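First comes the structure, then the notes that go with it.
Both counts, for ligands and for their atoms, begin at 1 and track the order of listing. Everything quoted here is computed from the prediction, not taken from an experiment.
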Amino acid sequence: MSADLLDPVVFLSVNGVAEWLPLSEARLPVLDRGFIFGDGIYEVVPVYGRVPFRMDHHLARLARSLGAVGITNPFDNAGWKARIFELIDGFADDNQMVYIQVTRGVAKRGHAFPADTQPTVFMMNNPLVLPTAALRADGAAVVSATDNRWLRCDIKSVSLLGNVLMAQHAAEQGAAETIMFRDGNLTEGSSSNIWVVRDGVLLAPVRDHRILEGIRYSLMAELAESVGIAFTARAISEAEVRAADELLLTSATKEVIPITRLDGQPVGDGRPGPVYARLYAAYQRAKEQSRAQFAR
Ligand code: PMP
């Protein structure tokens, strides 16, 4: 591993003072509201061959989440892109994962919004570690739980304790992810969106306050259309999930992977299915197209 993979250069802006510095030297005041209250928003942008994938979608979601919690967006899209490219260019790997976090800033502790703070901005990257061929061939095992998170899951907040506990629930059972049900219907995974295939139709929960709309949500709808798979967004009952022909999981870093076991039971015939295979292939084509279209 090269030196800059171990200690890459990151971007940090605190109280309006912006710096590029090695990760190991980045410091935050303890009164940052991200630390004190989890009062912040984040984004994760996958980068293939030094080209960010669906970057405009990620920046739109970042702006939407910041707006939803009343944090001033520190940069316009051109400002974000300039910094994202600088981060990408300073990193050794061609495939990367850019992490962006914006908090409400540093202020004397008090719950309501402080006056006159400047948002804290932190940006770093990591190598993008894609699912292994073995995982794609065998599929993932997941477990389930009742969704006990707050009712603004549409905001990509750094207040992730609910999601952290769900991820730990999976880890303790040797599973890849916990998928959640609220009021008897599927919501999402602890850090992923979940898709159900029944009778050749791709189903997803409706985009509302109960789930984070993954950047792969609209992508999967587009890919399904491009390969002639019908797509429907609607409430999906727990019984339908357990009787699914196929279950799929999507996220920036997992792309799309098949789920082949749920709570120890096989999903469908227990093997990755044909709808997964077509959407995975379409996903890889979309990555190639994006690299060609946005090559720098
Ligand atoms: N839901 C949750 C709770 C997540 O954390 C993620 C991953 N950020 C997703 C869905 C999938 O979003 P994306 O496709 O943008 O990675």
Exercise for the section: Please could you name the atoms of ligand 1 that Ser192 approaches to less than 4.0 Å, counting only its heavy atoms? Expected result: 1 (N), 2 (C), 4 (C), 6 (C), 9 (C), 10 (C)
Problem - Proximity flag Cys153 to ligand 1, non-hydrogen atoms under 4.0 Å - result: no
Exercise for the section: Check the side chains of Gln284 and Glu255 for a donor-acceptor pair under 3.5 angstrom, ignoring hydrogens and angles. Expected result: yes
Handout entry: For Glu188, atoms of ligand 1 separated by under 4.0 Å from a heavy atom
Key = 1 (N), 2 (C), 3 (C), 10 (C)
Exercise for the section: Spell out, as yes or no, whether a donor-acceptor pair under 3.5 Å connects the side chain of Gln96 to the backbone of Tyr48. Expected result: no
Fill in the blank from the handout: Here the gap from Glu86 atom CD to Met123 atom CE, rounded to the nearest 0.5 Å, amounts to 9.0 Å
Practice task
With side-chain contact (heavy atoms from CB on, under 4.5 Å) as the test, would you mind laying out the steps for Leu223 and Tyr283 before giving the verdict?
Solution key: CA-CA 7 Å; Leu223 297 179; Tyr283 198 114; 4.0 Å; yes
Exercise for the section: Apply side-chain contact (heavy atoms from CB on, under 4.5 Å) to Arg216 and Asn193, showing your working. Expected result: CA-CA 8 Å; Arg216 270 127 290 280; Asn193 289 116; 5.8 Å; no
Exercise for the section: Looking only at protein heavy atoms, identify the closest one to atom 11 (C) of ligand 1 and say how far it is in Å. Expected result: Asn193 OD1, 3.5 Å
Fill in the blank from the handout: Nearest non-hydrogen protein atom to atom 7 (C) of ligand 1, with distance, is Ser191 O, 3.4 Å
Practice task
Taking only heavy atoms of Gly214 into account, list the atoms of ligand 1 that are under 4.0 Å away from them.
Solution key: 11 (C), 12 (O), 13 (P), 14 (O), 15 (O)
Handout entry: Contact atoms of ligand 1, heavy-atom distance to Lys156 under 4.0 Å
Key = 7 (C), 8 (N)
Problem - Atom indices of ligand 1, in the order listed, that fall short of 4.0 Å to a heavy atom of Ile215 - result: 13 (P), 14 (O), 15 (O)
Practice task
Report the part of Arg216 in contact with ligand 1, treating N, CA, C, O as backbone and CB onward as side chain, heavy atoms under 4.0 Å; options are side chain, backbone, both, neither.
Solution key: both
Exercise for the section: Could you tell me whether the side chains of Asp263 and Ser144 share a donor-acceptor contact shorter than 3.5 Å? Expected result: yes
Practice task
Give a yes/no verdict on whether any heavy atom in Glu213 is under 4.0 Å from an atom of ligand 1.
Solution key: no
Exercise for the section: State whether a side-chain donor-acceptor pair under 3.5 Å links Glu19 with Ser13. Expected result: no
Completion exercise
Output for pair (Arg291 CZ, Gln293 CD), nearest 0.5 Å, gives 14.0 Å
Exercise for the section: Would you tell me whether Thr187 and Asp147 have side-chain atoms, one donor and one acceptor, within less than 3.5 Å of each other? Expected result: yes
Handout entry: 4.0 Å heavy-atom contact, Val44 with ligand 1
Key = no
Exercise for the section: Of the side chain and backbone of Asn163, name the one, both, or neither that has a heavy atom under 4.0 Å from an atom of ligand 1. Expected result: side chain
Exercise for the section: Would you mind running through ligand 1 and noting each atom that sits below 4.0 Å from a heavy atom of Ser251? Expected result: 14 (O), 16 (O)
Handout entry: Heavy atom of the protein closest to atom 16 (O) of ligand 1 (residue, atom name, distance)
Key = Ala252 N, 2.8 Å
